[in-house]
Amino acid sequence: QVHLEESGGGLVQAGASLSLSCTVSGRTFDIYAMAWFRQSPGKGREFVAGISRGGGTTVYADSVKGRFTISRNNPQNTVYLQMNALKFETTAVYYCATGFNDFATMTDQDYVYWGQGTQVAVSS
């Protein structure tokens, strides 16, 4: 059974940094792309960042380019999201996801397995 577990969320002030982690179990980790999505209250799920299976290719939403960095540690079955210069509008539940692609896409329908999410709240 595939399981994704996020951690690292919390309450921070605007301008601060936060690092999220997602550990995957139950499947071979290093042959599939990984991604982070987020969902704010009253909004749909939004792509944040994605990384290819080997980590060599990353893709970001325009809203986070230059502030967020996605990375992965394949031996530890973990993907990370480093978030810097957080803004109030960054507040959301952040989810990691994986599917069967080599490269990350921005479409949530391409992802099959999802974590339960971790809450990130940014105070202004």
Side-chain angles (χ1 to χ4, degrees):
Q1 184 176 357
V2 181
H3 181 70
L4 286 69
E5 184 166 353
E6 303 96 338
S7 62
L11 173 63
V12 296
Q13 291 187 332
S17 298
L18 204 59
S19 181
L20 305 182
S21 301
C22 171
T23 300
V24 180
S25 59
R27 75 176 335 204
T28 303
F29 179 76
D30 62 359
I31 61 175
Y32 301 111
M34 295 292 302
W36 288 94
F37 287 78
R38 66 187 179 190
Q39 187 165 17
S40 305
K43 295 185 178 180
R45 196 155 50 189
E46 173 190 22
F47 173 81
V48 176
I51 188 167
S52 61
R53 65 178 187 173
T57 302
T58 56
V59 60
Y60 296 92
D62 288 343
S63 59
V64 305
K65 282 181 181 177
R67 298 187 298 117
F68 289 15
T69 302
I70 187 171
S71 61
R72 64 191 294 163
N73 184 325
N74 284 346
Q76 294 189 356
N77 291 1
T78 302
V79 62
Y80 304 94
L81 184 67
Q82 176 65 40
M83 305 185 294
N84 298 328
L86 287 167
K87 302 177 181 179
F88 175 73
E89 53 265 36
T90 309
T91 295
V93 177
Y94 284 71
Y95 301 90
C96 65
T98 187
F100 296 97
N101 295 329
D102 297 343
F103 293 91
T105 70
M106 296 184 177
T107 306
D108 59 358
Q109 292 180 351
D110 289 337
Y111 296 87
V112 175
Y113 303 106
W114 294 80
Q116 292 299 308
T118 185
Q119 175 72 54
V120 172
V122 182
S123 61
S124 58

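No side-chain heavy atom of Tyr111 sits under 4.5 Å from any side-chain heavy atom of Asn101. Taking 4.5 Å as the limit, some side-chain heavy atom of Phe68 sits within range of a side-chain heavy atom of Leu86. In this structure the side chain of Phe29 never reaches within 4.5 angstrom of the side chain of Thr98, judged on heavy atoms.
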Walk me through whether Cys22 and Tyr94 qualify under side-chain contact (heavy atoms from CB on, under 4.5 Å).
CA-CA 10 Å; Cys22 171; Tyr94 284 71; over 6 Å; no
Using side-chain contact (heavy atoms from CB on, under 4.5 Å), reason through Trp36 and Val79 one step at a time and then give a plain yes or no.
CA-CA 9 Å; Trp36 288 94; Val79 62; 3.9 Å; yes
Apply side-chain contact (heavy atoms from CB on, under 4.5 Å) to the pair Met83 and Val48, showing each step before the final yes or no.
CA-CA 11 Å; Met83 305 185 294; Val48 176; over 6 Å; no
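More than 12 heavy atoms of other residues, nucleotides or ligands sit less than 6.0 Å from atom CD of Glu89.
Hydrophobic clustering (side-chain heavy atoms under 4.5 Å, transitive across Ile, Leu, Val, Met, Phe, Trp, Tyr) groups Ile70 together with Leu4. Using a 4.5 Å cut-off between side-chain heavy atoms of Ile, Leu, Val, Met, Phe, Trp and Tyr, with links allowed through other members, Met106 and Trp114 fall into the same hydrophobic cluster. Cluster membership for Val12 and Val64, using ILVMFWY side-chain heavy atoms within less than 4.5 angstrom, is shared. In this structure, Val24 is a member of the same hydrophobic cluster as Ile31, with clusters built from ILVMFWY side-chain heavy atoms closer than 4.5 Å.
The ring-ring contact (aromatic ring centres under 6.0 Å, His included) test applied to Phe47 returns Phe37, not counting sequence neighbours. Scanning for side-chain hydrogen bond (donor to acceptor under 3.5 Å, both in side chains) contacts around Lys65 gives Asp62, with sequence neighbours left out. Under the ring-ring contact (aromatic ring centres under 6.0 Å, His included) criterion, Tyr32 pairs with Phe100, not counting sequence neighbours. Contacts of Glu5 classified as side-chain contact (heavy atoms from CB on, under 4.5 Å), with partners at least two apart in sequence or in another chain: His3.
Closest heavy-atom contact between Gly115 and Tyr95: O-CD2, 3.5 Å. Scanning both residues, Ala104 and Ala33, for their nearest heavy atoms gives N-CB, 3.4 Å. Residues Thr118 and Gly9 share a closest heavy-atom pair of OG1-N, 3.2 Å. Shortest non-hydrogen contact noted between Gln82 and Ser19 is OE1-CB, 3.4 Å. Here the shortest heavy-atom pairing between Ala85 and Ser17 reads N-OG, 4.3 Å.
A side-chain donor-acceptor contact under 3.5 Å links Thr91 to the backbone of Val122. At distances below 3.5 Å, at least one donor-acceptor pair connects side-chain atoms of Glu6 with backbone N or O atoms of Gln116. Counting only distance, with no hydrogens or angles, the side chain of Asn74 and the backbone of Arg53 share a donor-acceptor pair below 3.5 Å.
Residue Ile51 holds its CD1 atom at 8.5 Å from OG1 of Thr57, rounded to the nearest 0.5 Å. Note that CD of Gln1 and OH of Tyr113 are 9.5 Å apart. Values are rounded to the nearest 0.5 Å. For the atom pair CD (Gln13) and OG (Ser124), the distance works out to 9.5 Å, reported to the nearest 0.5 Å. In this structure, Tyr80 OH and Thr23 OG1 are separated by 7.0 Å, a value rounded to the nearest 0.5 Å.
Within the structure, every pair that satisfies the salt bridge (charged side-chain N to carboxylate O under 4.0 Å, His left out) test and touches residues 103-124, not counting sequence neighbours, is listed here: Arg45-Asp108. For residues 15-44, the set of pairs meeting the salt bridge (charged side-chain N to carboxylate O under 4.0 Å, His left out) definition, not counting sequence neighbours, comprises Arg38-Glu46.
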